[in-house]
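These values consider heavy atoms only, across backbone and side chains, with no hydrogens, waters or symmetry-generated copies. Here the structure is a predicted model, which means the values were calculated and not measured. All ligand and atom numbering here is 1-based and tracks the order in the structure.
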Amino acid sequence: MKKFDAVQLIFQPLLQQKGDSVWQPQREKGLAFAPTNIALCKYWGKRDEELNLPMTSSLSVALPEKGSMTHLSLHNKNEDVVVLNGEALSPDSQFVKRIKAYLDLFRQENTWHLLIDIQLNIPVAAGVASSACGFASLISALNDMFVWQLSMRDLSLLARLGSGSAARSLWTGFVEWHAGVQSDGMDSYAEPLKMEWSDLYMGILLVTREEKSISSREAMQRTIDSSVLYANWPRKVARDMVIFRQALQAKNFSLLAGTAESNALTMHATMLSCWPPICYFMPETIAAMQRVWQLRRDGLELYFTQDAGPNLKLIFTGKNKDKVVEAFPDLDVVKLFVE
Ligand code: PMV
């Protein structure tokens, strides 16, 4: 199935109710913020590349104040313009092409064009999930501008068509993305978990601001095509998802964060076993991991997770915050549940 057909399927009830007006902006502007999310149980590998359908379910936690604010306005010229953090991007950039292709899913002929002004307060494409919050805020801003009044489930389905992990970026807190089994992907959406953990922190440890060497899309595909370890990945996820639920229920921090670290390292192990190999580690990444492990041996409850980039996200609780910052003075500390 093509993305466009998936959109038609999601829009069916809306089309019956509002007719063709759903394809036209109803307001001059649209605005939305979406927080970025960091997976504790990673999404790695697609069962459908076109629809971004994952092989497995995944579980994330949002960084509530880090993310993407998207302002949309009508643009009278004959093409969309994307402005990122105040700078107009070249129409030939990959990012702009992805956004235009996404807007085309909602565009009947060339009836409108938009100025898409995105303010990101996290580094772009360095494994800090900028595309997740980017597409989640874009679909939410479109929902505002076109007055679709879609449910959160539908927004999650649509965000997924932009970037898989965007399906999880519509909420704060813990979010589970159900892999689903249907070939049209209508059961592959995310939902928030009714659970708070006021004492939980994440620290972004930026090793580099450089863009990643290989996109997660390409890396996932190569892993599936060439890693013999990948066959074990769905088993690892199934087991970890059970442990995550137990850890959340019992508020067992070391079980939660330790499972997140183990899950991330297993994902990277599948990549190292690809051919040609994929290695998102830089020397500084390894040095930081070893520092975390040493601190843990010394009694500090500190764990990390890593996505498709060299940067780490450290996981800890409030009581250890000062010690963690002392060890990593440049850490960007985020309280995961704000009152
Ligand atoms: O949604 P994508 O294509 O950016 O892939 C995200 C992949 C990971 O960040 C490595 C894992 C995850 O679940 O977010």
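- Side-chain atoms of R168 and N37 form a donor-acceptor pair, as typed in the model, at a separation below 3.5 Å.
- Ligand 1 is never approached by W177 to a heavy-atom distance shorter than 4.0 Å.
- For the pair W44 and ligand 1, the shortest N or O to N or O distance does not fall below 3.5 Å.
- With V292 as the partner, the side-chain contact (heavy atoms from CB on, under 4.5 Å) test is satisfied by one option alone out of R296, Q290, Q294, M289: R296.
- Residue contacts with ligand 1 leave out S58, since none of its heavy atoms falls under 4.0 Å from the ligand.
- Considering backbone and side-chain N/O of D307, one or more are found under 3.5 Å from N/O of ligand 1.
- For the 3.5 Å distance criterion, the side chains of K236 and N263 fail to qualify, holding no donor opposite an acceptor.
- Which parts of ligand 1 touch G164 is read off a 4.0 Å heavy-atom cut-off, strictly below it: atoms 1 (O).
- Close to ligand 1: K42, with a non-hydrogen atom less than 4.0 angstrom away.
- The aromatic rings of F281 and H268 lie tilted to each other, with the angle between the two planes from 30° to 60°.
- Ring geometry, F11 versus F106: the interplanar angle falls from 30° to 60°, so the pair is classed tilted.
- With a 4.0 Å heavy-atom cut-off, ligand 1 is reached by the side chain of A39 but not by its N, CA, C or O.
- Taking the ring axis of F328 as reference, the NZ or CZ atom of R291 stays within 45° of it and closer than 6.0 Å to the ring centre.
- With no hydrogens or angles considered, a side-chain donor-acceptor pair links T223 and W44 at under 3.5 Å.
- Here is the list of ligand 1 atoms found below 4.0 Å of a heavy atom in S131: 4 (O).
- A donor-acceptor contact shorter than 3.5 Å is absent between the side chain of R222 and the backbone of W275.
- A308 counts as a contact of ligand 1, since one of its heavy atoms falls under 4.0 Å from the ligand.
- Per-residue contacts place S165 under 4.0 angstrom from the following atoms of ligand 1 (heavy atoms of the residue considered): 1 (O), 2 (P), 4 (O), 6 (C), 14 (O).
- Of all atoms in ligand 1, numbered sequentially from 1 with element shown, those under 4.0 Å from a heavy atom of S163 are 1 (O), 2 (P), 4 (O).
- Near M220, the atoms of ligand 1 lying under 4.0 angstrom from a non-hydrogen atom of the residue are 5 (O), 7 (C).
- Between F337 and F174, the ring planes lie tilted relative to each other; the angle falls in the 30° to 60° range.
- Close approach of ligand 1 to S216 is summarised as follows: ligand atoms under 4.0 Å from at least one heavy atom of the residue are 2 (P), 3 (O), 4 (O), 5 (O).
- The closest heavy-atom contact to atom 12 (C) of ligand 1, among the options R168, M271, M267, comes from R168.
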